[in-house]
2 protein chains.
Amino acid sequence: MAEIGRLAGVSQVTVSRALSTPDKVSPETLERIRNAIERTGYVPNAVAGALASSKSRLIAALVPSVTNIVYASVLHAFSEIMWDRGYQIMLSETGLELDREEKAIATHLSRRPDAMLLTGVRHSAGSRRMLHNAGIPVVEIWDVTDTPIDCCVGFSHKEAGRVAADFAVGAGYAHAATITAGDERAICRRDAFAHRYERLTGTKVQAADFAAHATLGLGREGLAQLLDRNLPRGSVIFCSSDQFAQGALVEATARGLCVPQDIAIIGFGDQEFAASTVPALTTVRIDRQILGQTAANALLARFAASPETAMVHDIGFEIVRRQSA
Amino acid sequence: MAEIGRLAGVSQVTVSRALSTPDKVSPETLERIRNAIERTGYVPNAVAGALASSKSRLIAALVPSVTNIVYASVLHAFSEIMWDRGYQIMLSETGLELDREEKAIATHLSRRPDAMLLTGVRHSAGSRRMLHNAGIPVVEIWDVTDTPIDCCVGFSHKEAGRVAADFAVGAGYAHAATITAGDERAICRRDAFAHRYERLTGTKVQAADFAAHATLGLGREGLAQLLDRNLPRGSVIFCSSDQFAQGALVEATARGLCVPQDIAIIGFGDQEFAASTVPALTTVRIDRQILGQTAANALLARFAASPETAMVHDIGFEIVRRQSA
DNA sequence: GTGAAAGCGCTAACAC
DNA sequence: GTGTTAGCGCTTTCAC
């Protein structure tokens, strides 16, 4: 930067100004500086800038997994807005364990990000303490809570399970089952579904649970297990993701069962393929784009220090009724 | 850090050493320093460290899209290794346009990453120049070229298309068609497939092309289009992704066509669901985990300055024959 | 094994 | 509108 200044016949500070606040530099000077930068191929050092200004324009984003489309698409919407505002994303995958998240938080904090995005609302005490000390805006996504660290953008998984049960009962399904992945929030939905369904109908809800993440193959296996345990015809199955739902659909079809007459299926997530399967999937839609955007805007609002911003955004969900239930 | 030193009765430098090279500090001193850190909840400032040492331990990763499982899973494998070695990932999505990539490269370079991961082997002249000036290790993934910027880990898309055509001919399919997304590399595979198939059989290959990214819905539409154009029974369809293949499968089944007897389908990618559809998908497998790991190791090797490391790694691919073709 | 000094490349505060 | 000065919080080098 000093070198650029020399070439342009100005001091180093003026170059700094030309880059950050061009309107505070005279047009002619600016021109000369731009020229020098062009000629030399100079790339400013944002690390030094961050140290001097204690603003990194870096956002740490911690998600359980990038290969899960559900988190990936939120991240996509989130980072698009952030990128447009000049922020960049440092990414880490935390899996589902709290201590891995804690380690990731500590490491990221040492980079002095301007804000942090966390998935879920459960965090270790150590994580909370570090985040508190760091004093940066934090947004927790994919869930809601009365006690957010800072802001929170998500929806109630309990409520989603309940509403799905209400739907199942309202649609007249006299029996129900669940296929659930090994994910805290999925389990919460399953329990809420079963609770509500059992209370309303007095009929026990059967469960096929998997410790792994949801795949089409496991969805098939889930339905197979349920059928082996004599799941009655006319049952509805509440799946913890559309992957499972599609798997159940494939398995049902392979066995010559009609969906939704013999077996009805409810997915979760309303993924891209859900509308195009045969029959099309009835599912719970979460607007992941809105979720990501709202999270980004919440952080941006915090940067602008708007104090009146609501801290918890419940973006809700919606049952999308198609043909599978 | 000076504060920690005060509390531990040593100088600031000793604290620095205790953190980076603990064995160069006496056990008792170390103990007192660790204590002070624990008490205060001190988090080192990696920004200052990066500035002083000009080592950021940050890797910039540029992929077309995180919501595409194919890139996401490579990223996952890549970042897992990098994380274990103490590196963190700055992520950007570049889409498919070269100038967006160039902007992202410039921005990331200002953060002084220790290395950069790029998707594909085509980059703008400006990108190449900046990367060259930066003098950091660069790994290009998902393709191979004779003229890598630095290292390159991928496979030949041309070869993949050709081998798929050989497979189709060898399996006795007398007609062929393609369903292709608007992606440079997918188009390359399509062309190689068509070329080879036409040369071997003398029969023209029909094409359904989409500008958008591959989805199940578009796969259905692709087959529908092909069928409307009187695609003969007994044709094989080479899809640019498993999503398309699954869509074609759904559409064929919905129309009462038998797969592979009436229509045979070849996917691309061997995604998680490919083995579990009915019939299971014949597809081209790319080992995305190996790809990501190889990319990470190539960079790590560059850091260690091993000069004998091969610059281009062709990880190949494999036709996985299941039931759909 | 430990410390003092210098400096990484910027921004902030203040002069002019 | 532009320059001067003083750091930001570390690592590096060299001395002891």
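Per chain, numbering begins at 1; letters A, B, ... match sequence-line order. Computed from a predicted model, the values in this text were never measured in an experiment.
For B/F155 and B/H157, the ring centers sit closer than 6.0 Å to each other.
Distance B/D23 CG to C/dG1 C1': 12 Å, rounded to the nearest Å. Between A/N45 atom CG and C/dG9 atom P the separation is 7 Å, expressed in whole Å.
One finds a salt bridge joining B/E3 and B/R6 here, because a Lys/Arg side-chain nitrogen approaches an Asp/Glu carboxylate oxygen to under 4.0 Å. A salt bridge links B/D150 with B/R302: the closest approach of a Lys/Arg side-chain nitrogen to an acidic carboxylate oxygen falls below 4.0 angstrom.
In this structure, B/A8 and B/R32 approach most closely via the heavy-atom pair O-NH1, 2.6 Å. Between B/M1 and B/Y42, the shortest heavy-atom distance links the atoms CE-OH, 3.5 Å. Summarising the geometry of B/P137 relative to B/L299, their closest heavy-atom pair is CB-CD1, 4.3 Å, with the distance given to 0.1 Å.
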Show me the protein contacts with nucleotides 11-16 of chain C, counting only N or O atoms at under 3.5 Å.
residue : atom : partner : partner atom : Å
C/dT11  : OP2  : A/S16   : OG           : 2.1

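Ring planes of A/F303 and A/Y87: parallel class, angle under 30° (limits at 30 and 60°).
Using a 4.0 Å heavy-atom cutoff across all strands shown, B/V10 reaches sugar-phosphate atoms only and no base atom. Nucleic acid contact class of B/S54 (heavy atoms, under 4.0 Å, all strands): none.
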Table please: side-chain donor-acceptor pairs of residues 125-136 of chain A below 3.5 Å, with sequence neighbours left out.
residue : atom : partner : partner atom : Å
A/S127  : OG   : A/S124  : OG           : 2.7

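Extent of DNA chain D lying under 4.0 Å from chain A heavy atoms, first and last nucleotide in 5' to 3' order, is D/dG1 to D/dG9.
Where A/A2 and B/R32 meet DNA chain C, the nucleotide closest to each residue was compared, and B/R32 sits on the side nearer the 5' end. Mapping A/S26 and B/P44 onto DNA chain D by nearest heavy atom places A/S26 at the nucleotide closer to the 5' end.
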